[in-house]
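For reference, the structure discussed in these notes is given below.
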Amino acid sequence: MYRAPRGTNDILPQEQPHWRYVEARADDICQLYGYERIDSPAFEETALFTRSVGAGTDIVEKEMYTFADKGGKMMTLRPEGTAPVCRAYLEHGMHNLNQPVKLYYIAPIFRYERPQAGRLRQHHQFGCEAIGDNDPALDAEVIDMAWRFFLSLGLRGQSLLLNSIGCRKCRPDYLAALKEYYDPLAAKLCPDCRVRLERNPLRLLDCKTPSCQEMADAAPRTVDRLCPECNGHFERLKKYLQLLDIPFQVNNRLVRGLDYYTRTVFEIQPEDAGAQGTLGGGGRYDDLIEELGGRPTPAIGFGSGIERAILNLKKQSVPVPPLPRPQVFIAHMGEEAEETAIRLASGLRREGIGVVMATDQRSLKSQMRQANAFSARYCLVLGKDEVAAAAAVLKDMQTAEQRTAPLAGLASLLKQALAGE
RNA sequence: GUGAGUGUAGCCCAGUGGUCUAAGGCGCCAGGUUGUGGCCCUGGAGAACGAGGGUUCAAAUCCCUCCACUCACCCCA
């Protein structure tokens, strides 16, 4: 038997209320903050990601779904959301629009990883990007948006981690200090970190190995080496967050896994941070647009995992509204009655009344059981007598009361009854 | 990529070498007298016990290999 590929899953009807709920909250938030939706292709030229995300990152090194298309071009299933949006910004000349350009997306993300709780090979992210402005107020707004998003879902207890990792002006100085600190310690580092020391020293800071953590705690801090501009930016951001009443903890070891980040980086963690302790995260990427061939264009964004959000909604037993379904069920007996039922169902639907019709000529008992299983509010019963009288039996499934009503006035009768709920 | 656990009907699961051509619950289907639901009762369909190999007189039950799933590590959303 065929199964969904490892790390992917079907989102079954019973899961849809959660999905529609989370997506609706995302849409609401974006509308509130003036972000417009963009949908980009599920795959892009591989180079877009290798160039932006960074050759030394886990994503590029081992997690991309890359393939050659029939024309021999290397393509990759989107492993993150920011680069495609930046590509679209450039491709469509959005620098000619009012800046910053504010965009959001809800889209599948693909990463080849070993699946586990809260981690999939295809997951979905809600993310937003504000491109073309370097005001720290925009950083605050994006963080505020992410924060409000989780609050609007009904989640509680999440926390915000914040850091600044500098820009291309101050980063080299910092990295030099970091290397100077770590070089004598190289022998004590875990094997992974020895590689990081050469390839991506910033990542030394978030190693999980206890011995490495101790060293990382004592390592030079990015915030102590920021250039005046970056420092001012960070200070203003923190002030704005206080203004917005958003509690945050500066975490000097927060660096994030993508190479394009500059200055602000942040992460939002759920109350009960299990193995997958990230609800969402993001940061500034002031050099990325330029790196992709555009003019220097500052930008900031964040991404959040829909599955992670739903996981936490369930963990916290947050109720989500049910999806609307048809309220009327039509049962029928005999061929004539079925023909009448078919016409009646169609007529009611044209009036905007959701209808489910019994099929297959089951016994009336069985049809009533179906109506019950559908949680129909009203049931219409058609038999020989009703067909002859151009009427239907209208049964209220809650009170079990029923009466005969002429077919002609049924639509308005039902509309009235359903509206009175 | 590494480590651990699990694998019996659509779902949850009993079963620890013979009485298992596999039990129960949920769900599904039908019926409980004439055209009516939710509770209850009865009946029915549905599993070659993940796959392959081996040990044994005998295996769902023991061994091996593979596969899948789950969880954890790395890393992330």
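Per chain, numbering begins at 1; letters A, B, ... match sequence-line order.
Remark: nothing in residues 25-52 of chain A comes within less than 4.0 Å of RNA chain B through any heavy atom.
Which of rG35(B), rA30(B), rC76(B) sits closest to the side chain of Met333(A) comes down to rG35(B). When the nucleotides rC76(B), rC29(B), rC75(B) are ranked by their closest atom to the side chain of Arg362(A), rC29(B) comes out on top.
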Can you list the steps and then say if Phe302(A) with Tyr104(A) is a ring-ring contact (aromatic ring centres under 6.0 Å, His included)? CA-CA 9 Å; Phe302(A) 88 92; Tyr104(A) 81 99; over 10 Å; no
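Residue contacts for Asp385(A): at a heavy-atom cut-off of 4.0 Å it reaches a base atom on one of the strands shown. Nucleic acid contact class of Arg256(A) (heavy atoms, under 4.0 Å, all strands): sugar-phosphate only. Backbone-only engagement by Arg3(A) is indicated by non-hydrogen atom pairs under 4.0 Å involving sugar-phosphate atoms exclusively. Residue contacts for Gly127(A): at a heavy-atom cut-off of 4.0 Å it reaches no nucleic acid atom on any strand shown. Across all strands, Ala371(A) comes closer than 4.0 Å to no nucleic acid atom at all (heavy-atom distances). Thr57(A) comes within 4.0 angstrom of no nucleic acid atom, judged by non-hydrogen atoms across all strands. Within 4.0 Å of Arg121(A), counting heavy atoms only, lies no atom of the nucleic acid at all. Within the nucleic acid shown, Leu120(A) comes within 4.0 Å of at least one base atom, counting heavy atoms only.
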In B/S/- notation, 5' to 3', how is nucleotides 36-48 of chain B contacted by protein heavy atoms closer than 4.0 Å? BBB----------
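A donor atom on one side chain and an acceptor atom on the other are not found under 3.5 Å apart for Arg308(A) and Ser304(A). Side chains of His233(A) and Asp139(A): a donor-acceptor N/O pair is present below 3.5 angstrom, by distance only.
The pair Arg114(A)-Glu63(A) does not count as a salt bridge, with every side-chain nitrogen at least 4.0 angstrom from each carboxylate oxygen.
Of all nucleotides present, only rC67(B) satisfies the Watson-Crick or G-U wobble test against rG7(B), with each distance under 3.5 Å. Across all strands shown, rC62(B) forms a Watson-Crick or G-U wobble pair with rG54(B), both key distances being under 3.5 Å. With a 3.5 Å ceiling on both atom-pair distances, the Watson-Crick or G-U wobble partner of rA72(B) is rU2(B). Across all strands shown, rU19(B) forms no Watson-Crick or G-U wobble pair with both key distances under 3.5 Å. When both pairing distances are held under 3.5 Å, rC28(B) makes a Watson-Crick or G-U pair with rG44(B).
Here the two rings, on Phe149(A) and Phe126(A), have centers that are under 6.0 Å apart. Checked against the 6.0 Å centroid criterion, the rings of Tyr261(A) and Tyr285(A) do not qualify as a close aromatic pair.
A donor-acceptor pair is defined here as one N or O able to donate and one able to accept, closer than 3.5 Å; no such pair exists between the side chain of Asn312(A) and the backbone of Lys315(A).
Under 3.5 Å, the side chain of Arg203(A) and the base of rC75(B) form no donor-acceptor pair of N or O atoms.
Looking at heavy atoms from C-beta onward, Met64(A) lies in side-chain contact with Phe49(A) at the 4.5 angstrom threshold.
When the C1' atom of rC26(B) is taken as reference, atom CD of Gln14(A) falls 14 Å away, rounded to whole Å.
Dashed line: the shortest gap from a side-chain N or O of Gln116(A) to OP1 or OP2 of rU70(B) is not under 4.0 Å. At the phosphate of rC29(B), neither OP1 nor OP2 sits under 4.0 Å from any side-chain N or O atom of Ser366(A).
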